[in-house]
Amino acid sequence: MIFPLDRSVLPQSMVWRALLLLAIVWLLSFSETLQRLDWAFYDTYISLQKTVPDKEIAIVAIDERSLQAFGHWPWSREIHAELINRLAQTGNNIILLDVLFAEPESQNPLADTLLAAAIATHGSVVLPVVPAADPVAQQTYAIEPLAAFRLSAALGHADVELDRDGVARRVFLYAGINAPQWPTIGLVLLHKILHRGEYSASHLITESPKSIGRWVRSQETLIPYIGPPGTFQQFSYAQVFYDTSLLKQLENKVILVGVTANGLGSRFVTPISSGDHQPMSGVEWHANVFEMLRHGRMIYPVSATVASLVSVAWVLAMLILAVLLSRVFSSPLLLVMLASSLAVAGVVLGWLQVWIPPAAALLGILAIYPLWNWHRINKYIHTLFAVNVYANTALESVNDGVITTDADNRIVTVNSSIERILGVHQSLLLGESLQQVLPFKAAGQTTTLQSGKNDFISDKPDEFAMQGYLETADNQKRTIRLTRQPIRDEQNKLMGFVVSINDMTDNIELTQKVTNLGSHDLLTGLPNRLLLLSQFDELASAAKARNGGVIILFVALDNFKKINNALGHRAGDALLRKVAQRMQEIPNNSDCVARWSGDEFVVLVSCQQVSTDTAVQLAQRLLEVIRRPFVVDDQDVFMTASIGISFCPRNGDEGETLLEHAAAAMYHSKHSGGDNFSFYSPELSVVWTRDRLVFEKELRIALADDQLQVFYQPIMNARQQCVLHIEALVRWLHPVRGFLTPGDFVPFAEQIGVIEQLGKQVLLTACLAAHNLSQSLGRPISISVNVNPRQLLFGGFAQVVSQALQQTGLPASSLTLEITEDAIVNNIPLAREVLGKIKKLGVVIALDDFGTGYSSLSLLRDLPIDTLKIDKSFIRALGQNSHDFMITQAIIGLGENLNLEIIAEGVETKRQMQILLDHHCDLQQGYYFSRPVSYTTLLKWMHSPTYGRL
């Protein structure tokens with residue numbers, strides 16, 4: 001609305017506008033429009049408070065160390081009984097066992113009896129009650145401990161209420177079915193402290209197995225968190241269980257036992273999580289609630305009515321102050337009003353422990369300034385509206401990108417086509433210098449506008465046209481035709497320019513990227529294995545012609561996993577790129593640096609005369625550049641490497657043979673401690689075989705005794721939020737080496753000739769699991785099984801598949817066999833024959849890791865491929881790396897055009913999931929949905945109330 005400019009009506013209109021402002025503040029206080037802003041203020045206040053944690057609170061954590069000690073979760077209740085008995089020896093302590101015991105233990109019925117006895121003997125044990133949804137009755141029921149446990153334990157509800165943004169800020173002191181019958185766990189612990197041995201919740205035991213109704217909460221308070229996860233004193237469950245010396249430290253303490261291990265139990269985002277992004281485990285949340293109740297630090301939120309009255313009153317007071325100070329009212333005074341409002345809200349929160357949301361009042365105060373200067377704003381709106389209408393109509397009438405500037409080359413207006421061409425939002429361009437936002441490079445020149453050496457604006461003030469290319473904000477090069485016309489007034493004075501951009505690009509960057517995939521590594525840009533072998537042949541031929549040779553250096557980073565574990569896979573990828581850049585500084589321009597796999601690189605150096613001294617110098621230089629610290633995620637990272645060296649023609653003529661020799665020497669250096677180099681010698685093969693003899697024996701025993709486990713990772717239809725497929729992934733729990741993934745033992749199984757046996761066991765187990773899961777769920781579930789190259793091309797594999805389907809009763813259409821490009825590229829005719837036989841059975845064929853190998857489109861033409869799985873290396877940087885995005889989009893489009901099913905691997909974030917959905921890739925797989933889990937865990941999850949929620 002535009003108000004009249006007549007000053008005679010200003011006083012009356014000012015009163016009406018003030019009343020309207022107060023009404024808006026009142027309505028905003030009642031609505032949830034500004035709730036996120038209020039939460040932001042509250043979170044800031046809470047994060048600024050510093051409180052020392054209560055030393056009488058101790059957490060016994062079910063952490064990763066405990067899982068290694070006691071095995072997979074859940075543990076037998078006999079273990080919990082023993083822990084309670086041990087803690088009872090320390091004397092007067094109180095125990096919260098934050099674990100649900102709602103069902104009898106089927107494996108060991110005696111364990112329930114032992115746990116009930118331990119709870120009764122201790123006398124001060126608290127157990128949780130949690131609400132759960134009944135999808136059939138569309139009501140809520142309470143999950144309570146078994147009656148044997150409730151007889152001797154105090155009960156408290158463990159209901160955690162999340163705000164709309166998913167943050168846990170509040171707790172309800174009482175809650176229950178149809179009535180708030182259970183106190184929160186923190187309140188139960190407080191009563192235990194105040195009335196030791198007297199307080200009990202056993203009177204809340206219900207006779208019915210499940211009371212159904214509506215979950216009711218009462219007495220809401222906000223939680224002033226003490227600190228981030230790890231603030232309270234914490235002991236490992238296994239440490240307390242085995243180390244008797246620790247029991248003395250737990251005497252007279254309130255002990256909270258709960259899950260802190262990653263992947264187990266619930267975790268909550270709290271107001272103090274914004275800095276380090278660490279969600280809080282449930283047991284630590286209960287510790288914060290108990291500490292709050294014990295020290296009386298509850299924060300009481302006022303009702304919406306009170307908040308509205310306070311907000312309106314405060315804004316009215318600021319309006320009166322503005323009238324009294326009308327002669328000196330200015331923006332600095334407005335800032336003082338805003339700052340004082342925030343300070344008052346903080347004081348009320350900190351001293352009175354009352355939370356009054358300030359956002360509505362702040363918005364009302366902020367509106368006072370334009371309210372006071374309305375006549376000037378009204379005039380400006382009239383002028384601005386007319387100018388914008390004319391300008392937008394002119395700019396949007398053309399299809400090319402159009403930029404208008406003033407005489408100083410500052411951008412005044414742009415049309416919507418500029419966003420498409422430059423990849424930058426219009427709002428970010430206005431007011432900027434044309435030279436800074438338009439990285440144009442004329443054809444045949446090597447400098448851009450930003451350099452100042454190719455400034456066509458200054459050199460050519462009149463109309464002109466030029467063809468060249470520009471680099472957009474997402475690092476794309478686009479071929480364009482650029483024209484420019486000056487704008488002059490009636491006196492022929494230069495007012496500005498109109499710059500028109502005609503985009504002539506037709507997916508040039510995408511075409512080059514797809515072509516380049518066959519020969520280069522996507523992450524580092526270095527040559528891949530295929531190009532490495534080709535370049536070796538060229539270097540070897542050239543060296544042989546001049547009686548020279550080639551030095552092969554096989555480089556592997558030492559303990560690279562520490563980077564992925566500590567900083568994440570993105571940091572690991574960044575480190576690999578930096579290592580690749582440094583390694584390219586060492587060889588001559590005519591030599592080759594390639595990425596072999598993972599953290600392994602190969603350097604080829606041609607020499608007129610191959611000598612050990614030359615190789616030593618090269619190896620030492622490589623070790624030195626890798627020892628220099630790398631900066632990853634704003635912190636120094638130190639790495640070392642192990643290098644293996646072989647010579648051509650001294651150690652052979654074939655590239656693959658020489659690379660194997662260099663790799664053997666590298667492993668020898670790594671086993672000797674790393675940060676060193678070794679030369680290949682025939683004896684290394686003997687040492688390597690001896691080192692593997694024990695491992696071979698263990699692997700054969702594991703196969704014979706069926707010790708290998710098959711885990712399953714869901715493949716979700718992210719749009720429908722349901723599981724359509726599951727992928728079988730083999731794991732080996734080695735008694736000494738720990739949990740081994742396929743990369744740790746499958747290559748070795750190929751070497752010793754047991755890969756067919758291993759593959760057959762996994763196939764049979766996976767088919768049986770899929771059949772049982774389909775029977776349990778009442779609907780078909782497909783299973784995907786990875787096929788090893790040797791398993792596919794040798795020994796009647798089609799017959800093995802047929803027998804597995806017959807033995808398990810699984811329909812052939814429910815089985816998907818995943819093959820990789822390197823499994824078939826060396827013998828395509830045989831692969832076509834074997835896959836044809838499998839296809840006749842009705843089995844689905846999927847091409848795994850698509851885009852990282854040879855990516856030959858002829859494979860899709862010649863072979864019966866049904867599904868393409870996009871490699872996770874493209875998904876990892878989705879939304880950040882435009883090249884990965886375009887390649888992923890191209891693969892999805894390729895699959896749609898060929899009528900192939902597309903599955904995206906490695907989805908780890910919600911943003912990645914949404915981008916894939918936006919581009920019609922519904923089938924997704926990755927840690928965002930689930931890690932690989934056992935069959936029991938998968939079955940339990942798919943039957944749980946939370947199944948299908950993303």
Side-chain angles (χ1 to χ4, degrees), residues 19 21-49 51 157 159-175 180 183-184 186-187 190 215-226 268-272 274 285 288-321 337-368:
L19 293 176
L21 174 62
L22 294 177
I24 292 174
V25 171
W26 173 270
L27 292 176
L28 288 176
S29 300
F30 270 105
S31 70
E32 297 181 351
T33 305
L34 302 177
Q35 192 177 64
R36 287 186 179 273
L37 185 58
D38 286 321
W39 285 340
F41 288 133
Y42 174 80
D43 293 348
T44 302
Y45 290 136
I46 292 300
S47 62
L48 293 176
Q49 294 182 3
T51 306
H157 80 77
D159 178 28
V160 180
E161 172 71 7
L162 300 181
D163 291 325
R164 292 178 60 187
D165 60 350
V167 179
R169 297 183 178 89
R170 65 193 73 240
V171 64
F172 291 88
L173 300 184
Y174 292 90
T184 186
L187 196 57
L190 180 61
W215 186 256
V216 179
R217 305 181 176 98
S218 67
Q219 298 191 30
E220 172 190 5
T221 62
L222 299 176
I223 307 170
Y225 288 92
I226 295 296
F268 311 103
V269 177
T270 65
I272 56 176
S274 58
W285 184 86
N288 276 276
V289 173
F290 170 65
E291 198 278 344
M292 170 193 74
L293 294 170
R294 184 175 186 182
H295 297 283
R297 299 194 307 107
M298 295 79 72
I299 297 176
Y300 300 96
V302 301
S303 64
T305 302
V306 174
S308 300
L309 291 174
V310 172
S311 299
V312 170
W314 188 258
V315 174
L316 180 61
M318 294 298 103
L319 276 170
I320 295 173
L321 180 62
M337 292 180 178
L338 293 172
S340 62
S341 302
L342 288 174
V344 169
V347 170
V348 172
L349 177 65
W351 289 2
L352 302 181
Q353 298 179 203
V354 175
W355 170 239
I356 303 176
L362 292 175
L363 186 62
I365 295 171
L366 192 62
I368 293 176

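The chain is numbered in sequence order, starting from 1.
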State, with a plain yes or no, whether a side-chain heavy atom of Leu162 is found less than 4.5 Å away from one of Val167. no

Can you tell if the side chain of Pro357 reaches within under 4.5 Å of the side chain of Leu34, non-hydrogen atoms only? no

Side chains of Tyr174 and Val216 in contact at under 4.5 Å (non-hydrogen atoms): no

Could you give the distance from OG (Ser29) to CG (Asp38), rounded to the nearest 0.5 Å? 8.5 Å

Keeping Asn288 on the side-chain end and Ile223 on the backbone end, is there a donor-acceptor pair under 3.5 Å? no

Got a second to check how far Thr184's OG1 is from Leu293's CG, nearest 0.5 Å? 7.5 Å

Sub-3.5 Å donor-acceptor pair from the side chain of Ser47 to the main-chain atoms of Thr44, do we have one? yes

Gap separating the CZ atom of Phe41 from the CD1 atom of Ile356, nearest 0.5 angstrom: 14.5 Å

Beyond-backbone contact of Thr221 with Met292, side-chain heavy atoms, under 4.5 angstrom: yes

Any side-chain heavy-atom pair of Val302 and Val354 under 4.5 Å: yes

Taking every non-hydrogen atom, the tightest pair across Gly186 and Phe290: O-CD1, 3.5 Å

Can Ile365 and Ser341 be said to form a side chain to side chain contact (heavy atoms under 4.5 Å, CB included), step by step? CA-CA 9 Å; Ile365 295 171; Ser341 302; 3.0 Å; yes

Between Trp355 and Tyr300, does the ring centre distance come in under 6.0 Å? no

With side chains defined as the heavy atoms from C-beta onward, is the minimum distance between Tyr225 and Arg169 less than 4.5 Å? no

Main chain of Asp165, side chain of Gln35: is a donor-acceptor contact present, judged purely on distance under 3.5 Å? no

Under 3.5 Å donor-acceptor, Gln219 side chain and Phe172 backbone: no

Within the distance-only criterion (no hydrogens, no angle test), does the side chain of Arg297 pair as donor or acceptor with the backbone N or O of Pro224 below 3.5 angstrom? yes

Can you tell me how far CH2 of Trp351 sits from CD of Gln353, rounded to the nearest 0.5 angstrom? 13.0 Å

Could you report the tightest heavy-atom contact between Val269 and Gly166, atom names first, then the distance? CB-O, 3.9 Å

Do the non-hydrogen side-chain atoms of Val289 and Leu187 ever get within less than 4.5 Å of each other? no

Going by atom types only, do Trp26 and Ser311 share a side-chain donor-acceptor pair under 3.5 Å? no

When rounded to the nearest 0.5 angstrom, what distance separates CD1 in Ile226 from OG1 in Thr270? 12.0 Å

Going by heavy atoms in the side chains, are Leu222 and Val171 under 4.5 Å from each other? no

Nearest-0.5 Å distance, OG1 of residue Thr33 to CD1 of residue Ile24: 11.5 Å

